[in-house]
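Reviewing the structure listed below.
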Amino acid sequence: ISGMVSMGETGYAHRALAEIRQLCDTRFFHSNWHKMSETYWEQLYGESLDYVSNPVPEAFDPTNIAYVLTLSDCPEADDLPEAHACDPGHAYYDAAAVLKYGICEKFAPENESSKYQATMYAIIHPDARRCVGPHGEEYDRAEVLREMGYKIRIHGTPVPKTRVAKSYDSIQADVGLDELIKLGAYKLTHHPVAVLVDFSTLMARSIEPAIDAFIASDAEVATHGSYTMIKPDNDMYTELTQAYAQNVADFPNTMKGSLGTNGLLEYYYNTLTGNPDGISTTFDNDIINMCTICGQPWDCPNLDHLEQWRADGCDAEHAAWYQLRVDFEKQFWKDGLYSAMNLQYKPDVYKGFCHHEGPGGYDLMIDDKTAIEHCDPDTTTSTAKEVLMDNDTGYSQTQELALTCGKTTASSTACFSGTITKENAVPFYNIAIVMDISLSTKANFAGEYVGDMNGDGNENQIIDAEISAVLALLEAMVANPDMNNDNVLIGLVVFYAKAELVGHYPPADPDDPTKVNPALIKYLTKIRILWGTNFDDGLDKAIDFFNNAPTGRQNIMYFMSDGKPYNSGDGDGEENYPMLNKNGKPRRGQTNHISTMMYDSEIAALDALDVERSAIGIGPKSQVSPGSGLDMIDNTPDPNTGEMAVQVLSVGELVATLTASPVAGTVTDFEVDVNGIVQDVTLDDLTSGPAGFAFGEILAKGLNPESTTNTLTAKVTVDFKGEPTVFTTSCNVAGTHDVSNAQTFPYSNQ
């Protein structure tokens, strides 16, 4: 998950989680971390999600124990109560991962010695969801835990400030009113027991005997020094919140926590209800709270101020925590433990994860270097041109590699993107999609199952294949960083006995540029089959689209049909060639009649508009031979075969044809490096589409934010007729980071 983590003074490690593994009855979820070249809090968890405040009731499971972590505030809050000092801050992921791993290893279902399973919960106050890291980046703390398999519950403070106004200042000086969200554990009534834990909880051994004893007893609460167990009960939640509001002023404020959840439980059972048997108190070492005396392990604490016997005990606790971290990384990091574990501060205790004492000495699982909040909008573009030549035929095509980079960066990363196109390609497009919806498109079509795309009750027809392929084309446009609503206009034409220009559409959803325009989806998925096949009118309506589209753009047309022209056109003297039956009577249509294939005026108009025309025959009954209607329309010969119109026999072939790049040859290699550091990019990062290939925006790593010269170089190899051609171009990104102004953060690894 960490991006580039310093291994000593030099070298970098890219850590990535490898797979989803079962742990407790939930999972560690790894999102797309392994695909990201550099990972930061605000990139992983920048968006807040909506969490269910009233989850669907679950069946009671007497063997499933709830372990409940509570977060009542952000670690950087100005009014953070002293009791919250154990919050790990920017070691947040480390602490949460090791906490869950330590608990679940004791109760995992594969542990045959245990009768119980465990479910991890996080009860989070709304003010504790979005917090700020050391460089001002915001992240969603709830989402971090959710992706690790914690079940999230968002709870506000159960007792309003107005109901404890006279005691509020004292409460805030103690543990804070928000600490009462721990009472939310009483709502987990599908569990027999809920165990309240925090980040400093270290499971030393199984607490199964304590759970057995608690379940068998009449006690409703059991405190064990370092942890508390309760029996969930909705009525008790209501009763305890009311008791707190009405009686907190009478609580004996003798020690830290007296005015919080622990003090409430003690007062409720021992004083208010006179039922001391309702709460049992036992001191054991099954679970240890490391924060009280020893300090947090991720702070690499110096314990020289402690008596030797106590320091030895703390070292043992910290060593146990670090061993859990080692075991966790071995099991869940890609390729196992990646860290060299060679840092020299108390290596026998801190296992090689500490440079020196203090929070700044700790080797975090997640990096906290300065992260960019967005790609630099001020960019520079460099290009490289090469000529691809077929020596046998004399065919040639000049292609251009364009590399676009942000001009500056204040971090070790920067964004880049680029394209591979034909020379002088204009990055603005008018695209006509012309679809055959004639009766013959009701025939079944081979290839992949696409289902009933238009909702007419019939599956896998040619019309379904057309719709599926057009949607795939639109999705490719939306995914292409070089194409968007600002530079692409779609004209949708359907033809049968006549043709209709359905409309002009931007390709993407105006409200979400990552999705296809819903207006296009709505029309395409409701198309109905009609009689006739009029190629001529289909061309006329495409011309209407281009005549009314923005000028100065590349004009592209995809013309699809499953058959042959059947209806007469106009504009080229078709009336001089009437269709007659064998009795000399006029007829409505005739396949490949001369009057159905007179396109001179239409072709001339399309040529004048400089329209690149790809004609596609769908299915075995389509006709793409020389002189056929589709062949006459096409003007984009395949650079490898010289073929004009193409015939496709499966849905996969149709999608591939529609989304194919117009550049000649095949891209066989794609490489990017920054200051000599090869980036994690592959051919999979290239997106094919009507304009050619595109890549980005991709985050490059390895830049020096203090250097004015960072060279980002892209190299692409294109193979054409067995001859490889290499394109290389570079751009410079200037570092602007001033280390003298670096922010400090009490929990970060500076």
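Using a 4.5 Å heavy-atom threshold, the side chains of Ile467 and Val470 count as separate. In this structure the side chain of Tyr577 reaches within 4.5 angstrom of the side chain of Met598, judged on heavy atoms. At a threshold of 4.5 Å between non-hydrogen side-chain atoms, the residues Val733 and Phe416 do not count as touching.
Within 6.0 Å of atom NZ in Lys385, more than 12 heavy atoms from other residues, nucleotides or ligands are found, so the atom counts as buried in its surroundings. When the shell of 6.0 Å around OH of Tyr395 is examined, it contains more than 12 heavy atoms from other residues, nucleotides or ligands. Applying the 6.0 Å contact sphere to NZ of Lys498 captures no more than 12 heavy atoms from other residues, nucleotides or ligands. Crowding of Asn547 atom CG: a count of heavy atoms from other residues, nucleotides or ligands under 6.0 Å exceeding 12.
Remark: the Thr404 side chain and the Thr379 side chain contain no N/O donor-acceptor pair separated by less than 3.5 Å. Side chains of Ser688 and Ser661: a donor-acceptor N/O pair is absent below 3.5 angstrom, by distance only. Side-chain polar atoms of Ser601 and Asp572 form a donor-acceptor pair below 3.5 angstrom. Ser440 and Asp562 are linked by a side-chain donor-acceptor pair at a separation below 3.5 angstrom, with hydrogens and angles left out of the test. Side chains of Asn555 and Asn430: a donor-acceptor N/O pair is present below 3.5 angstrom, by distance only. Side-chain atoms of Gln623 and Asn592 form a donor-acceptor pair, as typed in the model, at a separation below 3.5 Å. Side-chain contact, Thr636 with Asp634: a donor N or O sits under 3.5 Å from an acceptor N or O.
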Could you check Met560 against Asp436 for side-chain contact (heavy atoms from CB on, under 4.5 Å), going step by step and ending with a plain yes or no?
CA-CA 6 Å; Met560 294 175 283; Asp436 185 346; 5.7 Å; no
Would you check, one step at a time, whether the test side-chain contact (heavy atoms from CB on, under 4.5 Å) holds for Phe695 with Leu403?
CA-CA 9 Å; Phe695 53 91; Leu403 176 65; 4.2 Å; yes
Please determine whether side-chain contact (heavy atoms from CB on, under 4.5 Å) holds for the pair Leu473 and Ile433, giving the CA-CA distance in whole Å, both sets of side-chain angles, and the decisive distance to 0.1 Å.
CA-CA 10 Å; Leu473 172 63; Ile433 301 173; 4.0 Å; yes
Chi angles and distances behind the disulfide bond (SG atoms under 2.5 Å apart) call for Cys405, Cys415
CA-CA 6 Å; Cys405 308; Cys415 292; over 6 Å; no
Under the criterion side-chain contact (heavy atoms from CB on, under 4.5 Å), I'd like the reasoning laid out for Asn548 against Leu501: C-alpha separation, chi angles, the key distance, then a yes or no.
CA-CA 12 Å; Asn548 290 283; Leu501 174 56; over 6 Å; no
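When all heavy atoms of Thr687 and Ala476 are compared, the pair lying nearest together is CG2-O, 4.1 Å. The shortest non-hydrogen separation linking Leu388 to Ala664 is CD2-O, 3.7 Å. For the pair Leu654 and Ala465, the tightest heavy-atom approach, listed with the atom from each and the gap, is CD2-O, 3.7 Å. Between Leu609 and Phe546, the shortest heavy-atom distance links the atoms CD1-CB, 3.7 Å. Closest approach of Leu492 and Tyr505 over heavy atoms only: CB-CE1, 4.2 Å. Nearest heavy atoms, Gly619 versus Gln647: O-NE2, 3.2 Å.
Glu602 and Arg613 are not joined by a salt bridge, as no carboxylate oxygen comes within less than 4.0 angstrom of a charged side-chain nitrogen. Under a 4.0 Å N-O distance rule, the pair Lys407/Asp376 does not qualify as a salt bridge.
Note that the CG atom of Asp669 and the OG1 atom of Thr682 stand 10.5 Å from one another [nearest 0.5 Å]. Considering OG of Ser396 and CG of Asp390, their distance stands at 9.5 Å, rounded to 0.5 Å. The OG1 atom of Thr441 sits 4.5 Å away from atom CD1 of Ile463, with the distance rounded to the nearest 0.5 Å. Going from atom CD of Glu386 over to atom OG1 of Thr398 covers 9.5 Å, rounded to the nearest 0.5 Å. Atom OG1 in Thr659 sits 11.5 Å away from atom CG in Leu474 (nearest 0.5 Å). Summarising the geometry, atom CD belonging to Gln399 is positioned 9.5 Å from atom NZ belonging to Lys422; distances are rounded to the nearest 0.5 Å.
In terms of modelled atom types and a separation under 3.5 Å, the side chain of Asn487 and the main chain of Phe428 share no donor-acceptor contact. When atom types are taken as modelled, the side chain of Asn567 and the backbone of Thr533 share a donor-acceptor pair closer than 3.5 angstrom.
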When the side chains of residues 519-528 are checked against the rest of the protein, which donor-acceptor pairs come out under 3.5 Å, sequence neighbours left out?
unit_1: Thr525; atom_1: OG1; unit_2: Ile521; atom_2: O; d: 2.6
unit_1: Thr525; atom_1: OG1; unit_2: Lys522; atom_2: O; d: 3.3
unit_1: Arg528; atom_1: NH1; unit_2: Asn454; atom_2: O; d: 2.6
unit_1: Arg528; atom_1: NH2; unit_2: Gly455; atom_2: O; d: 3.3

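Note on ring orientation: taking the six-membered ring where Trp is involved, the planes of Phe535 and Phe559 are perpendicular (angle over 60°, cut-offs 30° and 60°).
Among residues two or more places apart in sequence or in another chain, the side-chain contact (heavy atoms from CB on, under 4.5 Å) test is passed with Lys442 by Gln461, Ile529.
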